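Worth saying up front: this structure is predicted, and the values here are computed from it rather than measured. The sequence lines fix the lettering, A, B, ..., with proteins before strands; numbering per chain opens at 1.
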Amino acid sequence: MELTAKAWSKSLESEMLQRWQREPHPERKGKTLTIDTPPPYPSGRPWHIGAAAHYAQIDMIARASRLLGWNVRFPIGIDRNGVPVEMYTEKKLGISLHTTPREQFVAACRTALDDLEAEMLSIMKTMGLSGDFAHVYRTDSPEYRSRTQATFIDLWKRGLIYEDSRLNNWCPGCMTTVSDNEVGYKEIPTFLNHVEFRVKETGQQITIATTRPELLCTAALVVFNPRDERYHSLEGKTALVPFYNLEIPIISHPIADPAFGSGLMYMSRSAGDLNAVRFLREMGIPYDVCITEEGRMNDKAGPLVGLSVRKARERISDELRKLGVLAKEEQINHQTPVCERSKHEIEYIAMPEYYLKQVEFLPVLKQYAQEMGFHPEAHRQILLDWIAAVTMDWPISRRRFYATEIPIWYCAACRHPHLPTPGSYVQPWKDTAPFAACTKCGNDRFVGEDRTFDTWMDSSISPLVVTGYFTDKGLHRKLAATVVRPQAKDIIRTWLFYSLLRCHQLTGKRAFARAWIMGYGVDEKGEKMSKSKGNVIDPIPILEKYGADQFRFWCAQETSLGSDFRCSEDRIVGAGKFLTKLWNTVRFIAPFQSKEPAAVRPLDQWILNELASLVKQCKAGYDDLNFFVPATAIRTFLWNVFAPHYLELAKVRAYRGDAAAIQTLHTCLRALLQLLSPITPFITDYLHRELYGSPVTGQPFPKPPAARKLPFTTDQLLQLDSMIWKAKKDRGLSLKAPVALLTVPAAFASIEQELVETHGVQQVARGEPAVQLA
RNA sequence: GGGCCCAUCGUCUAUCGGCUAGGACGGGACCCUCACACGGUCCAGGGCCAGGUUCAAUUCCUGGUGGGCCCACCA
């Protein structure tokens, strides 16, 4: 065979891809492992290099599992529902969801998604993902959406869904209710306004500090802490709200912090934060929102009506200043709740929304979180912490367009809800109701629901979709116990949590055997990549420049499982050298062929011992789905032990045609290629075919050679070689220069021949290691 | 404010409480030695701080500091 080139060429990768397309992975006999591949979300260009790295590693899960003997199902899906594409479309086309006809807007989103999706799929293919590209599923397909709807209908019938109007997180930008885990916090500078109220009964002046003066129009109470003795005399009195001249009671309640401001707070019926939401609920005070869905003041705000919340805040401060009741304005940084999607400041508005019960399922979810496997183990805690923090049911309805529709029609007369039979995809906002008459009042006119689902309602059933729950219950039962969920760390509280919840509600079982959690790809300074920072690295030019295997090897050896990893082009370049090293090692070994059986010499046994330990390390790494372990172990073996020491010492024998040396070289090489194949499938498959005439895939996991005790250790041998090289180097001699006298301990007697031949030793003596040059 | 995780050369990491803390990337010097200059050889460079346990601490404990993440949150 001919390996004339001096290095592996990434152009061979497309050749290999075509080859693989012609010969798909053979079904194996063993048990089946299903990967619940995270369907990536096409939210804009470029696709994040960290995401590409993530999928490269998921392919390593697939390939490593096959190498370990599993039959692997590796579906490929794309998540296409929800706000990100709507925002992308609004920005790209300069249109607004709220002013564009729904049909038209949905079509524009679909076009955008198709383009972005094509690019992601092409990247996945280029990287050599061994997934099922023939059956890509899309979460916005009528088929998938019909399943989301079917599960909703199921849960509805079982009484797990209810509608309620309660104060909830509202994003004025997205114009929808959002759930707690879509809310983030951002430090925003604002003013803490010290506003003077008067006590009606005594005329006494009291000061109240607030960041939300624009909510004064709905002021309900003034509160002080019962432990705060300064204000005991105010209990039961009445406060006069400036500007609006409202009369509100003063009460004591522990919610007020004596150390904050003056120790007095006012509570608005239009809650300014979650704490207030809870307080109102606890006190049984009906809410009375003074903010509109667009984030403007409504008519309750009197003269402020129509102003944005922010403008209203400035305006009321002006008014209070004019009245002489604004004692102080302090600039503070405020941890402000913002929408994680659109970054708008969250307001608390009550809208009727559907809720899915989750609180009562927390104990079983906790149990699942404790039972299932986690790679790495440490990340289990993130899920447990989240489960412990959940206090409310999940609001699942959204007032958006590009998402799965809630499958309900209401009787036009009595508003009674009607749900269709599960199975087909329905769009109540445009479809005619599939009912003859209202089951309650007999009326024959219906109004379709126009709200959609939170997208996690769709993605949380992916473990069921990929195991055939909706198409083949028998298959599902067979596959369900061995599902592996790979995903990023940041969506533990959403995707992982909701999947466990929903699958439990639908099947009564735990969705996953194991979860594999990867860290974030950060930039080379260690900072999070974000489009706003402009430090997002596009994977396409990287893959074009360096090829898939180089990228994959970099991914594997960059960081241990679960930690964040820095994306630095320099280090990707560095990873490529390994492929060249491997290539040239093969280039050296390939020409040597020997069929006759031969007994190994002690030197051969030494490297076989090392190989045995390598095989065990790789097995442990692959079992833990931690590719850092095999990648670094293989690299160290090849570069620090096998090539510089064994290869050099066995070289002369190999040239001579020594069968034991040649067979040992091939034993090591073959095992190396197989052990490495999950990480760098292109080069290993190419070389395995060239040398051994068969694909590297489909081989069983390499067996560790039988190890035998030797009189010298690896460290001793490495140090001996190094000592000789250093001696020559110090004298400015070539490494081929002869050694006049080499003194070695008796332990090396069995490999003396190789030492002599390799280092050009003229005479050998026994004793502590020493080199004497001519 | 509460919780979780982490802390080793510039970077990524190794090290059952015990040899001079090992390797890789990057840096420097020399060498184109017949698989490989995407190579070889050599060099420089590190245990966050303060206590404690111990014959012995990078390793175990406590506190601090510094990161990361999560939750709550100043009305």
Side-chain angles (χ1 to χ4, degrees), chain A residues 3 5-8 180-181 185 190 192-193 208-213 215 222-223 255-257 259-261 264-268 271-276 278-279 330 332-337 376 378-386 388-391 489-490 492-493 519-520 522 524-526 528 550 554 557-560 562-566 568 570-592 628 631-633 635-636 639-641 643-644 647-648 651 654-655 715 718 721-722 724-730 732-737 760:
Chain A
L3 292 168
K6 278 194 165 189
W8 162 250
D180 287 352
N181 51 32
Y185 286 85
T190 188
L192 182 60
N193 304 279
I208 291 172
T210 177
T211 56
R212 301 294 305 262
L215 305 179
V222 167
V223 188
I255 193 172
D257 175 1
F260 185 88
L264 288 169
M265 69 185 289
Y266 91 90
M267 194 53 81
S268 171
D273 59 73
L274 266 181
N275 203 26
R278 293 203 194 101
F279 178 79
E330 265 178 87
I332 58 162
N333 279 325
H334 184 202
Q335 290 290 327
T336 312
H379 286 349
R380 180 192 308 277
Q381 197 58 41
I382 303 178
L383 178 61
L384 286 169
D385 285 353
W386 175 251
V390 171
T391 56
K489 200 165 70 176
D490 54 343
I492 290 177
R493 61 180 184 162
Y520 314 105
V522 296
E524 47 195 341
K525 290 186 215 103
K528 197 170 175 176
Q550 185 167 343
W554 164 76
Q557 56 122 54
E558 184 58 25
T559 313
S560 200
S563 335
D564 294 350
F565 53 99
R566 294 190 187 202
S568 147
D570 284 347
R571 291 184 67 87
I572 297 173
V573 171
K577 295 185 182 178
F578 172 76
L579 301 184
T580 309
K581 188 71 186 175
L582 175 66
W583 177 265
N584 283 298
T585 306
V586 174
R587 210 152 68 91
F588 173 75
I589 298 172
F592 301 115
F628 176 81
T632 48
R635 189 188 195 287
T636 304
W639 216 322
N640 296 4
V641 182
L647 210 75
E648 290 301 331
K651 212 177 219 177
Y655 280 132
D715 276 352
L718 266 50
D721 280 335
S722 184
I724 299 167
W725 288 324
K726 185 168 164 44
K728 292 181 180 179
K729 154 96 178 159
D730 287 349
L733 295 172
S734 142
L735 296 183
K736 283 190 303 191

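Following rounding to the nearest Å, A/Phe279 (CZ) and B/rC74 (P) show an atom-to-atom distance of 13 Å. We find that CG of A/Leu384 is positioned 13 Å from C1' of B/rC5, with the value rounded to whole Å. Here the P atom of nucleotide B/rC73 and the CG atom of A/Leu192 are 18 Å apart, to the nearest Å. Rounded to a whole Å, the CG atom of A/Leu383 is 19 Å from the P atom of B/rC69.
Ring-centre distance between A/Phe592 and A/Tyr655: below the 6.0 Å cut-off.
Nucleotides of RNA chain B nearest to A/Phe588 and A/Gly574 differ in position, and the one nearer the 5' end is that of A/Gly574. Positionally, the nearest nucleotide of RNA chain B for A/Phe578 lies more toward the 5' end than for the other of A/Phe578 and A/Ile255.
Here the nucleotide nearest the side chain of A/Glu558, chosen from B/rU13, B/rC12, B/rU41, is B/rC12. Listed nucleotides B/rU41, B/rC38, B/rC12 differ in distance to A/Thr580; the shortest reach to its side chain belongs to B/rC38. The side chain of A/Asp385 sits closest to B/rC4 out of B/rC4, B/rU13, B/rG23. Across B/rC36, B/rC70, B/rA35, the shortest atom-to-atom separation from the side chain of A/Ala643 is found for B/rA35. The side chain of A/Ser563 has B/rU13 as its nearest neighbour among B/rU13, B/rC36, B/rC74. With B/rC74, B/rC69, B/rC36 as the choices, the nucleotide that has an atom nearest any side-chain atom of A/Lys6 turns out to be B/rC36. For A/Arg635, the side-chain atoms get nearest to B/rA24 when compared with the rest of B/rA24, B/rC74, B/rA35. Listed candidates were B/rC42, B/rU13, B/rC38. Nearest to the side chain of A/Lys726 is B/rC42. Counting only heavy atoms from C-beta on, A/Lys577 has its side chain closest to B/rG26 among B/rA35, B/rG68, B/rG26.
Remark: A/Asp273 engages A/Asn275, A/Ala276 in a side-chain contact (heavy atoms from CB on, under 4.5 Å) (not counting sequence neighbours).
Using a 4.0 Å heavy-atom criterion, one finds that A/Ile492 contacts no nucleic acid atom at all. Within 4.0 Å of A/Thr585, counting heavy atoms only, lies at least one base atom of the nucleic acid. At a threshold of 4.0 angstrom between heavy atoms, the contacts of A/Glu648 include nucleobase atoms, whether or not backbone atoms are also involved. No contact: A/Gly272 has no heavy atom under 4.0 Å from any strand. Among the atoms of the strands shown, none is found under 4.0 Å from any heavy atom of A/Phe592. At the heavy-atom level, A/Trp583 lies nowhere under 4.0 Å from the strands shown. Across all strands shown, A/Asp257 has heavy atoms under 4.0 Å from base atoms, whether or not it also approaches the sugar-phosphate. Within 4.0 Å (heavy atoms only), A/Lys728 reaches no atom of the nucleic acid at all. Within the nucleic acid shown, A/Ala209 comes within 4.0 Å of at least one base atom, counting heavy atoms only.
Applying the 4.0 Å criterion to OP1 and OP2 of B/rU11, one finds that A/Arg571 has every side-chain N and O outside that range. At least one side-chain nitrogen or oxygen of A/Ser722 sits closer than 4.0 Å to the OP1 or OP2 atom of B/rC42. In terms of phosphate contacts, A/Tyr266 brings no side-chain nitrogen or oxygen within less than 4.0 Å of OP1 or OP2 of B/rC74. Taking side-chain N and O atoms only, A/Arg212 has no distance below 4.0 Å to OP1 or OP2 of B/rC74. For A/Trp639 and B/rC38, the shortest distance from a side-chain N or O to OP1 or OP2 is not below 4.0 Å.
Remark: the A/Lys581 side chain and the B/rC36 base include a donor-acceptor N/O pair separated by less than 3.5 Å.
The closest donor-acceptor contact from the side chain of A/Arg566 to the backbone of A/Val522 lies at 3.5 Å or more, if one exists at all.
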